[in-house]
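Atom set for the values below is all heavy atoms of this structure, side chains included, hydrogens, waters and symmetry mates excluded. Numbers restart at 1 for each chain; the letters A, B, ... are given by sequence-line order, proteins then strands. None of these values were measured; they are calculated from a predicted model.
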Amino acid sequence: VTDLLDSKIRSFLVELVDAAPPPPELEEIKDFQLGIEVRPNRQRHAHARSGRRWLNGRSALLAGAVVCVAALAVGVAVVANETGSSQVRVPAADSTTQTSRSLASPPAVVTGTEQTLDRADMPSDLNMYFVPSSRVTNYTVKPGSAPHAFVVDGSPVFAVADVTAGGPFDDVANQTYPGVLVLTMPVSGSVGQGISSWYRSDAQLADAPNSLINEWDWPVPRQRWIWTRVPASAEYVTLTYGNDVQLWQRPLDGVAAFSFPIPDAQMNAPASPSDPVPHLVAYAADGTVLGTVDASPR
Amino acid sequence: MACSDGEVYRKHADELIRFAAAVVGPDDAADVMSAGVLRALNSRHWSQVEQQRAYLYRSVLNEARMLLRRDATRRDYEARASERDLVDEPPTPRPEVLRALRALSLRQRAVVYLTYWEDLDPATVGRLLEISDGAVRRHLARARKHLRKELQ
């Protein structure tokens, strides 16, 4: 009986191991840390529009965030150790400027329920990532810009910053990659420790779907969509998601973010190409469309 | 003479990707392995680590743990989605194999892999995972119990 079980266990392992992908090249891992789209130099089942093509499509969205957490979690330790966690070099965002937004009624084309995007105090745990450090969190806030923290509909605080990413490794140390860094505080201890992060280079952001960043507010089954490059003169942004979700918002600092539940139908059934994807539209004060963006189909 | 990070990585990459596939399944193996390797290489203690292989194994296992803790529900959802989305796939394990994998705790998966695939004795497995021999045996016994049921 034991031999039979051992044989089955070995077969079980063979099946798993045989399906393992080839190990990534070290250079791919380094690039992955920077969030840079990696050359697709091997056959992988890439998600149709995944920003990181060498990731498996099933988990690209998820693992991108999770692995960045891993990389940045190291950064927390390093930065905290090197700078002291209370040392804040970048001023926290002003939490009192919400009234700077126009309070005029939106034009008729802007329909649905208003979902307010509010500024939040920059948590020191996030702020430390914007402090230049020596090795891991090698993001530098672009001169003249400042990171901002936001909250929408009670979801976890997130921060957005225009940054340049430089490589911590020798072969890319002299290169920098301008882009956007989005960090989110952990929802709660029940989902683990760490800070979720997304980095998108300007090149990636030029591809409209890539300028939409999706965060999942686990364990609460909500999804949050962050548009990091809302056209500068936009006064309103709308989000349409299927037939049931129609929201609008006044963007702040070129950022719009919406949070809404994941439909039960998606939670409890396989995804389908017919599942809705968010459609966002930026409007000027007079209702002129300034830009649109659709999330990549899942 | 100390090896460079690249040399260390190349030396262990194949076994680490197998290990990752055995503990989280092939789909997430590359991501978990990458995160684990990154974490290890970026560790401020890395240059002083004597047992680099063991350190890499534990780092990969930690990433697997983080992945599973954070994303159990979502991964389920995405796994179901992938069954419909992906057509030109490399061979993937049968559903019953993945179900058997999910029946094990992460540590049980690691112990099973290291015991059956790498043919390591409990003492060596214990050193790799920084747990006692007894704990290795307990994890292995429980894993076998689960697998007996799942693989019948």
Using side-chain heavy atoms (C-beta onward) and a distance below 4.5 Å, is [X] in contact with [Y]?
{"X": "A/Lys8", "Y": "B/Leu147", "answer": "no"}
{"X": "A/Val17", "Y": "B/Phe19", "answer": "no"}
{"X": "B/Arg144", "Y": "A/Asp6", "answer": "yes"}
{"X": "A/Pro23", "Y": "B/Tyr9", "answer": "yes"}
{"X": "B/Ile17", "Y": "A/Pro22", "answer": "no"}

Euclidean distance, [Y] [atom2] relative to [X] [atom1], rounded to 0.5 Å:
{"X": "A/Leu13", "Y": "B/Arg109", "atom1": "CG", "atom2": "CZ", "result": "12.0 Å"}
{"X": "B/Leu98", "Y": "A/Phe12", "atom1": "CG", "atom2": "CZ", "result": "8.5 Å"}
{"X": "B/Leu140", "Y": "A/Ile9", "atom1": "CG", "atom2": "CD1", "result": "7.0 Å"}
{"X": "B/Lys145", "Y": "A/Leu5", "atom1": "NZ", "atom2": "CG", "result": "13.0 Å"}

- request: With sequence neighbours excluded, tell me which residues meet side chain to side chain contact (heavy atoms under 4.5 Å, CB included) with B/Glu150.
  value: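 B/Glu150: side chain to side chain contact (heavy atoms under 4.5 Å, CB included) contacts with B/Arg99, B/Ala100, B/Ala103.
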- request: Report the residues that fulfil side chain to side chain contact (heavy atoms under 4.5 Å, CB included) with B/Arg10, sequence neighbours left out, ordered by chain and then residue number.
  value: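 Partners of B/Arg10 under the side chain to side chain contact (heavy atoms under 4.5 Å, CB included) test: B/Glu7.
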query: How far apart are the closest heavy atoms of B/Pro26 and A/Pro21, and which atoms are they?
result: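 In terms of heavy atoms, the two residues are closest at O-CD, 3.5 Å.
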query: chain A heavy atoms under 4.5 Å from B/Leu16: which part of the residue, side chain, backbone, both or neither?
result: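 The answer is neither part of B/Leu16.
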task: Give a yes or no on whether the backbone of B/Arg94 and the side-chain of A/Glu15 come within a donor-acceptor separation of less than 3.5 Å.
output: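 Judged by distance alone, yes, a pair lies under 3.5 Å.
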query: Is the count of non-hydrogen atoms from other residues, nucleotides or ligands lying under 6.0 Å from B/Arg142 atom CZ greater than 12?
result: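 Not more than 12 within 6.0 Å, no.
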message: So for atom CD, which belongs to B/Glu96, do other residues, nucleotides or ligands contribute more than 12 heavy atoms lying within a distance under 6.0 Å?
response: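 Enclosed: over 12 neighbouring heavy atoms sit under 6.0 Å from CD of B/Glu96.
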- prompt: Taking only heavy atoms into account, what residues of residues 112-129 of chain B are found under 4.5 Å from chain A?
  reply: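 Within residues 112-129 of chain B, near chain A: B/Val112, B/Tyr113, B/Tyr116, B/Trp117, B/Asp119.
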message: Using the side chain to side chain donor-acceptor pair (under 3.5 Å) criterion, which residues pair with A/Asp153? Sequence neighbours excluded.
response: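 If we apply the side chain to side chain donor-acceptor pair (under 3.5 Å) test to A/Asp153, skipping adjacent residues, the hits are A/Gln115, A/Arg222.
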